[in-house]
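Below you'll find the structure, written out as structure tokens, and then a few comments.
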Amino acid sequence: MIKPSAIIGQVILYGAFAVFIGYFATSPKYHQIPEDVALIKLSISHLGDRECRKRTPEELEKLPRNMRAPLDCPRERSDITLQVDLDGQTVFDTVMHPTGIAKDGVATVYKRFEVKAGEHMLSVRMNDNLAKPGFKFVKEDKVNLKPAQVLVIDFNPDKGGLFFQ
Amino acid sequence: MSLHDTLRGGAQSIFRRIEEAFDAPFGGTDNPMRHLGALGFYFLWIVTVSGLYLYTVLDTSIEGVHTSIGWLTEDQWYLGGILRSLHRYASDAFILMTMLHLIREWAYGRYHGFRLYSWVTGVPLLWLMFFSGIGGYWIVWDRLAQFSAIASTELLDWLPIFNDPSARNFLTPEAINDRFFTMLVFIHLGVPLMLILGLWAHVHRISRVDHFPARRLALGTLAALLLLALVQPAISDAPADLSVVATGLRLDWFILFLHPLTDATSPAFVWALLSGVTLLLFILPLLPHPKAEPVAVVNAANCNGCARCLADCPYAAVTMEAHPYKPGHKIAIVDADLCAGCGICAGSCPSSTPFRSQETLVTGIDMPQQPVNVLRRELEKKIAGLEGTTRIVVFGCDRGAAVHALAAPDTAVMSLMCTGMLPPAFVEYALRGGADGVLVTGCRTGGCEFRLGDQWTAERLTRRREPHLRANVPAQRLHFVAASVSDGEALATALEEFRTRIETQAADSDRPPPFRRRTLHHD
């Protein structure tokens, strides 16, 4: 027969167990960013450009029929330069390298920036062929960010290059 | 003493105090601190059963998943809602019990020697456990799921394993499609299956696995979780929206604590921490530790193949094979890698009876460090030296309350490696050899260093297990006291009360007939 004091002790300890589980299963609340902050996510995955040479008819003639590609392209892809300015200040400046042992894979970047909510001037410049000077792709726009909003900076050649979403 | 030993000793002391404090309301059998592994299994079964129901009604599409779980929670709160809450809270309890189990086993030094296999196989299970838990939160596909999915993939992307950052899968609402659940099904069904398989391997080398807690403990914890499910049901956050940051999250800190830790530090720090802790757990058995005890030795001539040692060995170290020269008989074989050197097998062997007349008592299975023959000789010598009106023999346990302090002219003490190695016939032998009473003490219920020593001793002395105490031993001349290392005073008090009881209640007529072994004085 269990003593009454043991029953009371068990009830208290089972209750404490439930309270412990219940509390830490939901509390304390977690705020990843402050309330007046928005997030800019820079995420680009792009295959760098490469310099191809047009084969001459004589060169093509020498090749087997099934290998007569008009362009002679190296396997290696170019590094990609990328710059992000926020309100006139450069906040990110990097060189993305192609992946893969033969450097023939995509170059990627994923970066988060916490910015105060409100109006900002956002400018992104990208060059995917370092053999050529300057920036082939530029996107500049005034953005109005609400608190907790996520603005994505991405690149898609089918959408005209750099874009904000 | 090294820093590690100091830390471990401190942790062990804390665990022992808590366990002994819990003995008061729960008793040993229902004490949750003594059955953390069993509770972990139990909570995993609750998670599995509740999860099977949740899966059957889950609409595994991006749009439907949140709605179907919401329907369960609100419209079918009396079944689906409660099962969902049980699923969540039992998962948290599973993680809590597992972590406590891990720390407790470390604190008691149970990570080397014959326990190496269980220790090493347990480490990868920690990864599977958290992997399953985190994946479970994604299935709801609410703001918390969104936060966890992004945080997890950002953490994974720190490792150079993906060409394309996996976090790009959660950039915009359009990036997610129903195929997302193909991955989730793998994570949240496949990984728990691997976990269960891993748990089978984890307990594979021990016998009589404590895989289900005592009924009262099981009902008590289930009632606590049910009450929690009713008072604070698990609910979803708003549906995931990748165009906003999920904030003000009701985070499950048992499972998702890595995300805030990553935010507060860095992915590099978290990976260093995780890999460092994992490596440390793996190399812990390589650190200096006490030398392994000599293992049990079988004597072929005296082993009759009864298999009681096989039945009683807590670590499945004994197997039975064909006897080398007794046709049709079996013989016990000891696996040295599995043997704990506890001596429980020697206590279970019917050949260990001290009433045998051989000058040197050789039993079927024995411990080189404390042979049964030495025990008999020591007992005979100590009984012969007893003085006083009420002479008591105390059989104690090296791991329990220290018995040597009880030694007195009228009290003979014998400390065994584990009380479980005491053949019950020794109690009768002591009484028939001249003792007025026998006190047997071992660890508290559920607190045996070798898992089953206390249980087997109690069952043998109460004639519920072979080899059992013979019926001619009067109950009033035998007393069993469960006493841990911190129960020295309580044991001394119990001894005095026992002595008084013998003096006041025991009748001379109930004393078993004297017995003197023929070779008693020829050693």
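Since the model is a prediction, treat every value here as computed from it, not as a measurement. Each chain gets a letter, A, B and so on, in the order the sequences are listed, and its residues count up from 1.
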Parallel, tilted or perpendicular: rings of A/Y30 and B/F147 (30°, 60°): tilted
Distance in Å, A/R112 CZ paired with B/E154 CD, rounded so as to fall on 0.5 Å steps: 4.5 Å
Nearest non-hydrogen partners of A/V106 and B/N163, listed with the distance: CG2-O, 4.2 Å
Which portion of B/L217 sits near chain A, non-hydrogen atoms under 4.5 angstrom: both
Minimum-distance pair of heavy atoms, taken over all atoms of A/A6 and B/P25: CB-O, 3.5 Å
Side chain to side chain contact (heavy atoms under 4.5 Å, CB included) partner of B/P165, chosen from A/I44, A/V109, A/T108: A/T108
B/F131, CZ atom: more than 12 neighbouring heavy atoms under 6.0 Å: no
A/P147, part contacting chain B, at a heavy-atom distance under 4.5 Å: neither
Flag if over 12 foreign heavy atoms under 6.0 Å of CZ, A/R68: yes
Neighbour count >12 (heavy atoms, 6.0 Å) for atom CH2, B/W77: no
For the student: nearest non-hydrogen atoms of B/F254 and A/A25, plus distance: CE1-N, 3.8 Å
Straight-line distance of B/T221 OG1 to A/L13 CG, nearest 0.5 Å: 13.0 Å
Which atoms of B/L256 approach chain A - backbone, side chain, both or neither, heavy atom under 4.5 Å: neither
Rounded distance (nearest 0.5 Å) linking atom OG of B/S243 with atom CG of A/L39: 12.0 Å
Per-residue contact mode, A/L151 against chain B (heavy atom under 4.5 angstrom): neither
Atom pair CG/OG of B/D164 and A/S43 - distance to nearest 0.5 Å: 7.5 Å
Non-hydrogen atoms of A/V152 and B/T172 that approach each other most closely: CG2-CG2, 4.2 Å
Interface moiety of A/I8 toward chain B, non-hydrogen atoms closer than 4.5 Å: neither
Under 4.5 Å from a heavy atom of chain A, the part of B/L171 involved: both
Sub-4.5 Å side-chain heavy-atom contact between A/F24 and B/L96: no
Side chain / backbone / both / neither for B/L228 at chain A, heavy atoms under 4.5 Å: side chain
Residue part contacting chain B, namely of A/S27, when any heavy atom lies under 4.5 Å: backbone
Within 6.0 angstrom of A/E35 CD, more than 12 heavy atoms from elsewhere: no
Validation row: A/I33, B/T247 side chains within 4.5 angstrom (heavy atoms): yes
Region of B/L251 that comes under 4.5 Å of a non-hydrogen atom in chain A: both
Contact winner vs chain B - A/V11, A/I2, A/V19, A/I7, heavy-atom pairs under 4.5 Å: A/I2
Residue A/L145 versus chain B: region with a heavy atom under 4.5 Å: neither
B/A224 versus A/Y14, closest heavy-atom pair with distance: CB-O, 3.7 Å
A/T26 OG1 to B/Y89 OH distance, which is reported to the nearest 0.5 Å: 6.0 Å
B/R215 atom CZ, over 12 foreign heavy atoms within 6.0 Å: no
Gap separating the CG atom of B/D263 from the NE2 atom of A/H31, nearest 0.5 angstrom: 13.0 Å
Max heavy-atom pair count under 4.5 Å with chain A, selected residue of B/R250, B/H259, B/Q232, B/R168: B/R168
Region of B/A167 that comes under 4.5 Å of a non-hydrogen atom in chain A: both
B/I150 side chain near A/K41 side chain, heavy-atom distance below 4.5 Å: yes
Contacting moiety of A/Q165, where chain B heavy atoms sit under 4.5 Å: side chain
Over 12 foreign heavy atoms within 6.0 Å of NZ, A/K139: yes
